[in-house]
Protein chains: 2
Amino acid sequence: MATEPIDVPELAESNESAKERLLAAAEEIFADYGYEGASVRAICHRAGMNVAAVNYHFGDKETLYVEAVKRAHNCSDTKPVDDDDPTAPASVRLERFIRHMVAMMHEPASPSAMKLVVREMADPGKAAATLVDEFIRPIAFRLRALLQELQPHQTDEERLMTGFSIIGQCLYYRQNRRVSELIFGKPQVEALTVDMVADHVVRFTRNAIGLGERPA
Amino acid sequence: MATEPIDVPELAESNESAKERLLAAAEEIFADYGYEGASVRAICHRAGMNVAAVNYHFGDKETLYVEAVKRAHNCSDTKPVDDDDPTAPASVRLERFIRHMVAMMHEPASPSAMKLVVREMADPGKAAATLVDEFIRPIAFRLRALLQELQPHQTDEERLMTGFSIIGQCLYYRQNRRVSELIFGKPQVEALTVDMVADHVVRFTRNAIGLGERPA
DNA sequence: ACTCGATTGAAACAAACGTTTAGAACAGAA
DNA sequence: TTCTGTTCTAAACGTTTGTTTCAATCGAGT
């Protein structure tokens with residue numbers, strides 16, 4: 001009681017390691033089965049820990065979920081878009097934006113993290129607000145700024161819809177890949193590589209907003 | 001045993017009415033809470049029936065779910081696209097296709113039915129195959145045929161991606177509406193009416209595939 | 001060695017889950 | 001009426017859920 005806790009550096013490490021394992025396991029299970037479908041027991045089993053671990057480290061299932069989603073969006077690779085060259089022409093930066101977006105959707109650094117993030121976005125829950133603030137909105141505002149440069153004569157609403165058209169194309173392959181495979185067969189869809197899709201979306205979008213064919 | 005069942009006309013009606021109420025309730029609850037999140041008790045309570053009703057009429061929860069999804073896609077309005085005038089030019093039929101698609105996503109005849117269908121598409125389960133066969137694939141093949149008319153010089157893969165770009169734009173507003181509201185604020189997104197979005201997607205797509213601005 | 005706070009383990013908790021059972025209520029046929 | 005089959009209800013089934021309890025274990029400070 002009387003003794004102040006002082007700092008516990010190495011203990012904190014092992015603490016983080018335990019929480020980290022739990023978060024990693026939660027990310028996978030939540031991504032695969034959804035919030036309701038994932039059981040605390042399955043998560044703890046995956047983490048090699050006891051059922052009580054969730055309650056001890058996070059309090060309850062919901063808190064664990066929110067923390068897992070927060071951790072997931074940190075694992076996503078936002079950086080390549082951050083160090084974008086601001087001196088390049090807007091049309092080039094738009095192309096880079098699209099290519100980064102398509103790549104992120106097709107081959108995310110952490111598939112289960114991306115899966116979990118997209119799941120939360122499709123059905124926004126308690127973690128959605130944080131996710132939007134720290135992960136989604138920055139990307140959306142970057143695109144909006146680009147479109148303001150490229151189409152200053154258009155209204156805000158027109159640019160908003162243009163942004164949705166671009167994002168909609170990129171998101172399609174992540175949100176509807178499996179259905180597409182059911183429709184056209186898996187080989188047909190798998191034949192579409194990241195580069196092919198990126199090239200297509202860039203060309204489709206450039207034509208759509210009047211940038212014309214991309215110069216070689 | 002010895003007596004054959006004969007026909008039971010009016011009894012069959014009341015039977016259908018009971019199953020129908022159950023299916024309607026299941027559609028709403030499953031659409032709102034997902035398969036795992038929806039409880040058999042909640043569905044039966046909504047239908048004003050006993051818990052055992054699900055097991056009596058459908059056997060188990062999963063069968064009820066599949067039947068509810070099948071019923072949901074029947075409630076969706078596929079017809080307006082069916083009686084499409086085949087004599088009109090392909091570019092006009094494409095525009096009609098897009099407008100119908102956008103309208104169906106924005107203001108479906110039965111919101112809960114559409115919600116349930118989209119949910120199953122996002123996370124394909126046991127009902128996905130039927131849904132694709134009877135509901136999704138016909139639409140997709142119609143679009144593919146249109147693009148074959150409009151862009152006969154392109155490869156199958158290019159046309160496939162073009163189709164995905166078009167569908168991706170239409171689906172965006174249904175799959176990511178709530179996130180968009182979180183990003184930009186509800187009023188900004190609600191300001192986009194069905195007609196505005198349809199006009200935009202038509203113009204965006206026409207430009208993208210080289211049809212030029214639509215003639216007045 | 002001893003103490004004490006942090007962490008883990010096995011077990012159990014009440015509640016909710018999908019499912020089942022046995023019988024009541026009903027309608028038509030004999 | 002009596003019988004027969006169908007439909008519905010109340011109650012309970014066994015299992016699984018998220019959560020809690022409490023003692024065992026560990027690690028560092030005195």
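Letters go in sequence order (proteins before strands), and every chain restarts at 1.
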Value in whole Å for how far the [atom2] atom of [N] lies from [atom1] of [X]:
X	N	atom1	atom2	result
A/E36	C/dA15	CD	P	20 Å
A/Y65	D/dT17	OH	C1'	18 Å
B/Y33	C/dC17	OH	C1'	16 Å
A/E62	D/dT17	CD	P	18 Å
A/K61	C/dA16	NZ	C1'	13 Å
A/N50	D/dT20	CG	C1'	12 Å
B/D60	D/dG14	CG	P	20 Å
B/M49	D/dA10	CE	P	12 Å

Which part of the nucleic acid does B/V51 contact within heavy-atom distance under 4.0 Å: base, sugar-phosphate only, or nothing?
->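 If one applies the 4.0 Å heavy-atom cut-off, B/V51 turns out to touch a base.
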Which part of the nucleic acid, if any, lies within contact of A/A42, taking any heavy atom under 4.0 Å across all strands shown: a base, the sugar-phosphate backbone alone, or nothing?
->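 Nothing, no nucleic acid heavy atom in range.
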Which of D/dA10, C/dG9, D/dG18 is nearest the side chain of A/A52? It is C/dG9
Does a nitrogen or oxygen in the side chain of [X] sit under 4.0 Å from OP1 or OP2 of [N]?
X	N	answer
B/Y56	D/dT7	yes
A/H57	C/dA6	no
A/N55	D/dT20	yes

Using a strict 4.0 Å threshold on nitrogen-to-oxygen distance, state whether B/K70 and B/E67 make a salt bridge.
-> yes
For A/F204, enumerate each residue passing the ring-ring contact (aromatic ring centres under 6.0 Å, His included) test, keeping only those at least two apart in sequence or located in another chain.
-> A/H200
4.5 Å side-chain heavy-atom contact, A/E149 and A/R93 = yes
5'-most contact on DNA chain C: A/A53 or A/R41, nearest heavy atom basis?
->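 This one resolves to A/A53.
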Sequence neighbours excluded, which residues qualify as salt bridge (Lys or Arg N to Asp or Glu O under 4.0 Å) partners of B/E62?
->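 B/E62 satisfies salt bridge (Lys or Arg N to Asp or Glu O under 4.0 Å) with B/K126 once adjacent residues are dropped.
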Which word best sums up how the rings of A/F164 and B/Y173 line up, parallel for under 30°, tilted for 30 to 60°, or perpendicular for over 60°?
-> perpendicular
